[in-house]
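Everything on this sheet refers to the single structure shown next.
Quick caveat: nothing in here was measured; it's all calculated off a predicted structure.
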Amino acid sequence: MTAAGGMMRTHRWRRVVSAWMLALGVIGFAPVPAQGQAQSLRVEPPSWWVGMHQPRLELLVHAPGLAGWQVELTPYPGVQLLGSRAGDSPNYRFVTLVIGAQARAGWLELRFTHDAQVRTHRYELAARRPGSAQRRGFDSSDVILNLVPDRFANGDPTNDDHPGYGDPANRADIQAGRHGGDLAGIAEHLEYFVGMGYTMLWPTPLMENRQSRYSYHGYAVTDLYRVDPRMGSNAQYRELVARARGRGIGVIQDVVLNHVGSGHPWTADPPMRDWYTQGGRFVPTRHARTAVADPYAAASDRENFTQGWFEPNMPDLNQRNPHLATYLVQNAIWWVEFADLSGLRVDTYGYSDTAFLSRWSQALMAEYPALNLVGEEWSGNPVVVAQWQRRQSPQLAVPGGGSQLPSLMDFPLHYVLRRALASDDSWNGGLTELYEALINDRLYPDPSSMVLFEGNHDVPRLYSALGEDLALTKMALAYVLTMRGIPQLYYGTEVLMTSPRQRDDGATRQDFPGGWAGDAVNARTGEGLSAAQRDMQAFLRRLMNWRRTQSVVHRGRLVHYAPEGGIYAYFRHEGDRQVMVVFNKNRGDASVDTRRYAERLRAGASGVDVISGERLTLWPALAMPARSVRVIEVD
């Protein structure tokens, strides 16, 4: 490794860190070009806005040898250059600006000087959209669709491969191959989403994943400010969000705070020596997620959970570095503002440093008070999940943290729902377990903001998990769409896509039927669908479109009755409106004595089954077909 130019401090640092890196054999700084070599500036964030809540902006500027350069700001009304400092690498500077309330949209000019050399960079300060700060996030009135863009639809085959990116498209490789799905494919399905009744889209990460292989899933990001060119472009992403918003659909961006891909330029040239955890060396996490708050946990286990790596190809970011923490906060805000997002889904939330998570979530909510952020804490233990929700009691909040997440993925109830439907009923199993699980809502400051999901890109598909039982699958979906919380479905559930019953990522993320030219089955048009697939699609379409306008389901109070004899019933009520949901898991028809529900149901009550359209007599008994669910609007 060579070095040329720069100050004596830089030379000393490079000698020390070179020996350190050679010993570890993992991460190194890029060499500095000879004096006078052409400089190429990269500035992140690439632009910003006037009128933001936080006036300070820290730019990460990269160019060979830049650490030894000085920075000036050409006078601009309302904007002040607060200072700059070199990174530990000779190729980075951190530049801090203050953008005052009186600043107006326009172009700043930054001057970088070294001896007789001068580089200028024009930096855009844009005007915000009207009402941007007050943007509405997603809530219990929405239905979220999770999809894997590479496996959803290929709207533009010309971008399947990109020069210099490697990992060429190979649709035959189900496990690890890129299949060519892209933003154009999602855009082609907007009318389908509207027709089905979805109101929010959550694609897995769209950012550049310039990895040598297994890059299709998006979670090994190599450029946090660029859409992967095999998906499309930043401009196409912004256009997709605008088109979706025009059709009543918001977009939730999947963000990763915990790690990046090994193909990120930081791997060869980190801005500071502590940019990654563990000194840039792979030390695996033990995934001991309870250790963060466990009063008996060893300090080493707590440290390992947040500082350990997922795998060698996903270097773990050290959010304890204040410059990296600022970078990640600004990156999230930039995407919300640039793309006009409705929310963020945060991957592997609890794995990041707890103090950083407090800062990150507080900064986002201060900038956008009505935005929604949903964190992934993959645990079936409700205490582990609940500790991250905002306004949590001191007894349950993560020690030393102050997470301001409005929402969490409801893994505990997700797991119970699948077990309850797949197992036999007993005094403590089946529907009884589902009933008793709701006592855990006492742990959540806001249960209505929990995201309840039937499936996602990381778990076996619902239809397969329930033994390809159509009746049980309908029960699960009716539960998700009428229970408290924000419902989220997984692409292909509506056409009964299958997977192994044990985790198999490739099989769980198979291509959406009809997303590729020549597909024999097309879920969007209905061509080639079986009778069972058409039935499920119609079932969901009717239920979700009905749900769109039902504030009683969005915000109504919940009352449920202990299961008895394979029957489970609950009510959602608001004012004089009421919805009754009844499950019959028995293999035979049942007559349900509804006098038991007298506190919610009046004598002589009747109603309409939302799914079938059938008018029903609800008192003193309700006829329930075998293995069925009814969603009833009570008169």
Side-chain angles (χ1 to χ4, degrees), residues 30 38 40-47 60 62-63 147-189 201-244 251 253-256 259-269 311-315 331 334-335 338-339 347 457 491 505-506 509-512 515-519:
S40 176
L41 288 175
R42 176 181 172 91
V43 181
E44 299 174 287
S47 61
L60 177 61
H62 174 268
L147 56 86
V148 180
D150 179 71
R151 304 293 176 90
F152 186 73
N154 189 354
D156 181 7
T158 65
N159 68 10
D160 289 359
D161 295 309
H162 194 76
Y165 268 65
D167 199 13
N170 179 8
R171 197 179 176 199
D173 184 353
I174 294 175
Q175 287 300 325
R178 298 191 72 93
H179 290 193
D182 49 30
L183 293 173
I186 297 173
E188 287 179 353
H189 284 74
L201 297 181
W202 157 33
T204 55
L206 297 161
M207 302 307 100
E208 180 191 272
N209 272 233
R210 198 169 184 171
Q211 298 288 109
S212 60
R213 64 181 303 274
Y214 209 79
S215 63
Y216 79 90
H217 54 73
Y219 289 97
V221 179
T222 56
D223 188 333
L224 280 86
Y225 281 101
R226 186 187 190 197
V227 168
D228 195 295
R230 294 162 294 186
M231 294 285 178
S233 66
N234 285 17
Q236 284 178 298
Y237 181 36
R238 184 157 58 176
E239 179 185 359
L240 170 65
V241 176
R243 287 182 57 190
V251 174
Q253 182 161 308
D254 204 331
V255 300
V256 188
H259 54 264
V260 291
S262 57
H264 197 291
W266 291 338
T267 302
D269 186 18
E311 58 164 277
N313 292 319
M314 290 182 176
N331 179 255
W334 190 88
W335 279 113
F338 172 82
D347 182 67
H457 59 281
Y491 81 99
D505 288 347
R509 305 166 185 171
Q510 289 194 49
D511 298 343
F512 186 66
W516 279 254
D519 283 0

Taking the side chain as C-beta and beyond, is there a heavy-atom pair between Q211 and H217 under 4.5 Å?
-> no

Separation between CZ of R171 and CG of D160, rounded to the nearest 0.5 Å = 10.5 Å

For Y219 and H457, does a side-chain donor sit closer than 3.5 Å to a side-chain acceptor?
-> yes

Less than 4.5 Å apart, any side-chain heavy atom of R509 and any of D150?
-> no

So, does R178 use its side chain to make a donor-acceptor pair with the main chain of S215 at under 3.5 Å?
-> yes

Side chain of R230, backbone of Y216: donor and acceptor closer than 3.5 Å?
-> no

Under 3.5 Å: donor-acceptor pair, side chain of D182, backbone of G232 = no

Would you confirm whether R42, through its side chain, and H62, through its main-chain N or O, come within 3.5 Å as a donor-acceptor pair?
-> no

Does R210 make a cation-pi contact with Y165 (under 6.0 Å, within 45 degrees of the axis)?
-> yes

Given side chains that start at C-beta, do those of W335 and V255 come closer than 4.5 Å, heavy atoms only?
-> no

Give a yes or no answer on whether the side chain of T222 reaches the backbone of E208 with a donor-acceptor pair at less than 3.5 Å.
-> yes

Should the pair R213-D173 be classified as a salt bridge under the 4.0 Å nitrogen-to-oxygen rule?
-> no

P203 side chain near L147 side chain, heavy-atom distance below 4.5 Å | yes

For S262, does its backbone N or O pair with a side-chain atom of T267 as donor and acceptor, under 3.5 Å?
-> yes

Any H162 side-chain heavy atom under 4.5 Å of D228 side chain = no

Sub-3.5 Å donor-acceptor pair from the side chain of N154 to the main-chain atoms of W516, do we have one?
-> no

Has the side chain of D161 got a donor or acceptor atom that lies under 3.5 Å from a matching backbone atom of A169?
-> yes

